[in-house]
Asks: 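The following block contains the structure, expressed as structure tokens.
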Amino acid sequence: ILGLVKNTVSGSIANNSQIPEDKKNDTIETTANAVTDGLKQNISLGNISNLMSLFNKGTSTQQNPITGSIQNTVTNALVQNVGLSKTIATTIAATVVPMVMKAISGKINDPNEKGFNLESLMHAFGGNENKTQNLESEILGGIGKLFGK
């Protein structure tokens with residue numbers, strides 16, 4: 001996941017003239033780590049319905065509360081860890097976080113991507129085994145409700 005995030009954000013950050021050259025690598029690393037930290041946090045909080053909605057094919061990632069939450073995480077990390085201004089950090093977060101969520105959603109919804117699905121994301125970020133099993137049960141229950149089962 002971290003590699004996907006880095007690949008997705010690196011182009012936008014590398015081509016952003018508002019970021020000083022000597023801070024671009026730190027900006028990429030910090031952004032990628034903040035996005036993954038934001039996903040971990042939302043999974044650990046049990047935001048299952050928002051996660052399912054976020055990665056549902058055809059859903060707008062920008063309207064999802066998780067996207068906003070992760071944007072805040074990225075903005076704060078860029079200000080605190082890289083020293084970017086709040087304005088520049090907010091612009092970066094607003095640009096790259098929806099792109100990353102769309103990239104992850106694309107992988108999850110691609111039938112040719114074996115082993116990359118919501119369950120693997122839960123395992124990667126879910127924490128302990130019992131919590132992951134409980135979250136998986138909630139996801140399956142939520143999917144069942146979507147299909148009237």
Side-chain angles (χ1 to χ4, degrees), residues 1-16 18-20 22-110 113-143 146:
I1 300 270
L2 188 59
L4 173 66
V5 174
K6 282 184 184 179
N7 288 338
T8 304
V9 302
S10 62
S12 290
I13 291 171
N15 296 324
N16 189 325
Q18 293 181 311
I19 304 168
D22 62 332
K23 293 187 176 189
K24 288 190 178 185
N25 284 336
D26 286 343
T27 302
I28 291 169
E29 288 293 321
T30 300
T31 301
N33 288 327
V35 168
T36 55
D37 288 347
L39 282 169
K40 285 179 194 176
Q41 181 182 27
N42 278 282
I43 288 171
S44 70
L45 292 172
N47 291 334
I48 304 306
S49 62
N50 286 335
L51 276 169
M52 289 175 56
S53 172
L54 179 63
F55 298 124
N56 189 7
K57 189 175 185 178
T59 303
S60 170
T61 58
Q62 293 179 332
Q63 302 302 318
N64 191 290
I66 290 177
T67 302
S69 168
I70 294 172
Q71 285 177 342
N72 289 336
T73 301
V74 170
T75 298
N76 292 334
L78 291 173
V79 170
Q80 293 171 1
N81 301 342
V82 182
L84 297 179
S85 73
K86 181 129 177 137
T87 302
I88 293 172
T90 301
T91 301
I92 292 168
T95 302
V96 301
V97 171
M99 288 176 18
V100 170
M101 296 304 111
K102 188 174 181 177
I104 293 172
S105 180
K107 290 257 187 208
I108 287 173
N109 290 299
D110 184 350
E113 282 290 335
K114 303 296 181 215
F116 198 105
N117 53 40
L118 193 54
E119 184 178 308
S120 67
L121 190 70
M122 299 293 292
H123 279 289
F125 294 134
N128 70 43
E129 191 65 30
N130 288 339
K131 185 161 193 129
T132 300
Q133 288 174 349
N134 290 340
L135 292 173
E136 286 174 4
S137 295
E138 287 182 46
I139 288 173
L140 294 174
I143 291 171
L146 289 174

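Every value quoted in this text rests on a predicted model; they were computed, and no experiment measured them. Below, each value reflects all heavy atoms present in this structure, side chains not excepted, and no hydrogens, waters or symmetry copies.
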Asks: Ignoring hydrogens and angles, tell me if any N or O in the side chain of T36 forms a donor-acceptor pair with the backbone of N33 under 3.5 Å.
Replies: yes
Asks: Going by the side chain to side chain contact (heavy atoms under 4.5 Å, CB included) test, name the single residue among T90, V79, I92, T75 that passes it with L84.
Replies: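 Going through the options one by one, the only one that passes is I92.
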Asks: I need the minimum non-hydrogen distance between T67 and P98, along with the two atoms involved.
Replies: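 T67 and P98 have their closest heavy atoms at CG2-CG, 4.2 Å.
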Asks: Quick one: does N76's side chain have a donor or acceptor within less than 3.5 Å of a partner on N72's backbone?
Replies: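 At least one qualifying donor-acceptor pair exists.
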Asks: Can any side-chain N or O of T30 pair as donor or acceptor with the backbone N or O of D26 at less than 3.5 Å?
Replies: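 Checking the backbone N and O of D26 against the side chain of T30, a donor-acceptor pair under 3.5 Å is found.
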Asks: Hey, could you give me the OG1/CG distance between T95 and N16, rounded to the nearest 0.5 Å?
Replies: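 Spacing of OG1 (T95) from CG (N16) equals 8.0 Å.
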Asks: Just how far is it from atom NZ of K107 to atom NZ of K102, taken to the nearest 0.5 Å?
Replies: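 If we round to the nearest 0.5 Å, K107:NZ and K102:NZ are 15.0 Å apart.
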Asks: Rounded to the nearest 0.5 Å, how far apart are CG of L78 and CD1 of I88?
Replies: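 Between atom CG of L78 and atom CD1 of I88 there are 10.0 Å.
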Asks: State the OG1-CD distance between T91 and Q71, to the nearest 0.5 angstrom.
Replies: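 Output value for this atom pair is 10.5 Å.
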Asks: In this structure, which one of V5, L4, T73 forms a side chain to side chain contact (heavy atoms under 4.5 Å, CB included) with V35?
Replies: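 The side chain to side chain contact (heavy atoms under 4.5 Å, CB included) with V35 is passed solely by V5 among V5, L4, T73.
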Asks: Donor-acceptor pair, distance only, cut-off 3.5 Å: does the side chain of K23 make one with the backbone of V82?
Replies: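 Judged by distance alone, yes, a pair lies under 3.5 Å.
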Asks: Any side-chain to backbone donor/acceptor pair from S105 onto M101? Under 3.5 Å, distance only.
Replies: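 It does not hold such a pair.
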Asks: Under the side chain to side chain contact (heavy atoms under 4.5 Å, CB included) test, which residues partner S10, sequence neighbours left out?
Replies: I28
Asks: If you round to the nearest 0.5 Å, how far is CG of L39 from CD1 of I66?
Replies: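 Taking CD1 in I66 and CG in L39, the distance rounds to 7.5 Å.
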Asks: Please enumerate all residues that pass salt bridge (Lys or Arg N to Asp or Glu O under 4.0 Å) together with K24, with sequence neighbours excluded.
Replies: E21
